[in-house]
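Throughout, a chain's letter reflects where its sequence line sits, starting with A, and its residues are numbered from 1. As a basis for the values below, the full set of heavy atoms in this structure was taken, side chains included, without hydrogen atoms, waters or symmetry mates.
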There are 2 protein chains.
Amino acid sequence: MEATTTGELRHPAPEEIRLTDVLHALSDPIRLDLVRQLDACAGERTCGSFDLPIAKSTSTHHWRVLRESGLVVTREEGTKRYQRLRRAEIDARFPGLLDSVLAAS
Amino acid sequence: MEATTTGELRHPAPEEIRLTDVLHALSDPIRLDLVRQLDACAGERTCGSFDLPIAKSTSTHHWRVLRESGLVVTREEGTKRYQRLRRAEIDARFPGLLDSVLAAS
DNA sequence: CTGGTTGTACGATCGATAGCGAACAACGAG
DNA sequence: CTCGTTGTTCGCTATCGATCGTACAACCAG
């Protein structure tokens with residue numbers, strides 16, 4: 001229940017996703033850009049496939065914020081981490097929110 | 001152009017309203033609550049008509065963030081300040097955003 | 001004028017957060 | 001086994017942001 005069994009990543013359950021956390025995660029320009037790109041590719045991408053004007057360790061930080069807010073799910077495979085937008089869960093919990101945010105240029 | 005002629009309040013023009021600023025303003029529980037209440041009353045309300053678990057000076061801070069993000073417009077009358085939600089401008093600039101945020105319980 | 005109401009301004013505190021580099025861990029390919 | 005790749009973790013720094021209390025300014029009502 002509490003033990004993160006060796007490398008498990010914390011993801012909030014759909015009901016645990018909080019609106020303020022989601023809004024906060026989206027309020028950073030870098031993270032908003034990451035979410036946009038993730039949405040555009042409509043699938044999974046590794047952290048490294050985004051080229052960002054920030055250091056790797058900073059990128060790790062942003063992916064953690066996105067993951068813990070509930071916006072993104074991370075799957076580990078080998079040394080890589082694949083990120084996927086939790087479209088269905090977010091849309092179910094906050095209908096229209098992602099659509100309007102992503103539609104805004 | 002730059003001079004705040006004795007007590008003028010800064011409000012961004014509709015085109016100047018930035019998505020990240022709006023999302024950041026809405027990501028605080030207190031401000032989100034203020035926006036909800038403002039929307040519910042569908043008109044103007046003075047700062048003092050909200051009872052909040054925070055000090056007056058903190059309230060001033062939150063209204064400034066809301067105003068400078070473009071979410072709210074402040075009209076001065078006597079010693080009071082009337083706050084109004086900029087529904088039309090926000091809806092025009094970010095269609096569906098406020099609807100989805102306010103619809104989320 | 002006096003007092004009450006409304007809200008701002010200022011200064012301070014304190015936790016959160018974005019950013020970096022360096023070191024490390026895990027893995028795949030040679 | 002040895003690299004190179006991928007990404008984390010660990011300090012550390014600097015800034016931002018929410019909060020408060022006190023003092024002040026503007027106005028309205030008596």
Residues B:E77, B:R75: salt bridge by 4.0 Å N-O rule:
yes
5′-ward residue of the pair B:S49/A:I54 relative to DNA chain C:
B:S49
Charged N to carboxylate O below 4.0 Å: is that the case for A:D99 and A:R87?
yes
Closest to the side chain of B:T46, out of D:dT5, C:dT5, C:dG7, is C:dG7
Separation of atom CD in B:E77 from atom P in D:dC27, rounded to whole Å:
12 Å
Of all the heavy-atom pairs spanning B:L71 and B:A25, show the shortest one and how long it is.
CD1-CB, 3.8 Å
When rounded to whole Å, the CG to C1' distance for the pair B:L23 and C:dT17 reads 17 Å
Which part of the nucleic acid, if any, lies within contact of A:S59, taking any heavy atom under 4.0 Å across all strands shown: a base, the sugar-phosphate backbone alone, or nothing?
nothing
Interatomic distance where CD1 belongs to A:I30 and C1' belongs to C:dA18 [whole Å]
9 Å
Round to the nearest Å and state the distance from B:W63 atom CH2 to D:dA18 atom P.
15 Å
Given atom CG of A:L9 and atom P of D:dT8, what is their separation to the nearest angstrom?
8 Å
Evaluate the criterion side chain to side chain contact (heavy atoms under 4.5 Å, CB included) for residue pair B:L52 and B:L34; output intermediate values, then yes/no.
CA-CA 9 Å; B:L52 299 165; B:L34 291 177; 3.8 Å; yes
Can you tabulate the close N/O pairs, meaning under 3.5 Å, that link protein atoms to atoms of nucleotides 21-24 of chain D?
{"from": "D:dG21", "atom 1": "N7", "to": "B:S57", "atom 2": "OG", "distance (Å)": "3.3"}
{"from": "D:dG21", "atom 1": "O6", "to": "B:S57", "atom 2": "OG", "distance (Å)": "2.7"}

Where the side chain of B:D28 is defined as all heavy atoms beyond and including C-beta, which of C:dT8, D:dA18, D:dG7 is the nearest nucleotide?
D:dA18
Which whole-number value in Å describes the distance from A:E76 CD to C:dA26 C1'?
10 Å
Using only side-chain N and O atoms of B:R81, determine if any of them is under 4.0 Å from OP1 or OP2 of C:dT8.
yes
OP1 or OP2 of C:dG19 versus the side-chain N and O atoms of A:H62: is any pair under 4.0 Å?
yes
Ignoring hydrogens, what is the shortest heavy-atom contact between B:S49 and B:R45? Give both atom names and the distance.
O-NH2, 2.6 Å
What nucleotide, of C:dG7, D:dA18, D:dT5, holds the atom closest to the side chain of B:T60?
C:dG7
To the nearest Å, give me how far apart NE2 (B:H61) and P (D:dC20) are.
11 Å
Side chains of A:T74 and A:R67: donor-acceptor distance under 3.5 Å anywhere?
yes
Rounded distance (Å) that lies between atom C1' of D:dA18 and atom CZ of B:R31:
8 Å
Taking C:dA18, C:dG7, C:dA26 as options, the one with an atom nearest any side-chain atom of B:K80 is C:dG7
Got a salt bridge between B:E44 and B:R84, using NZ or NE/NH1/NH2 to carboxylate O under 4.0 Å?
no
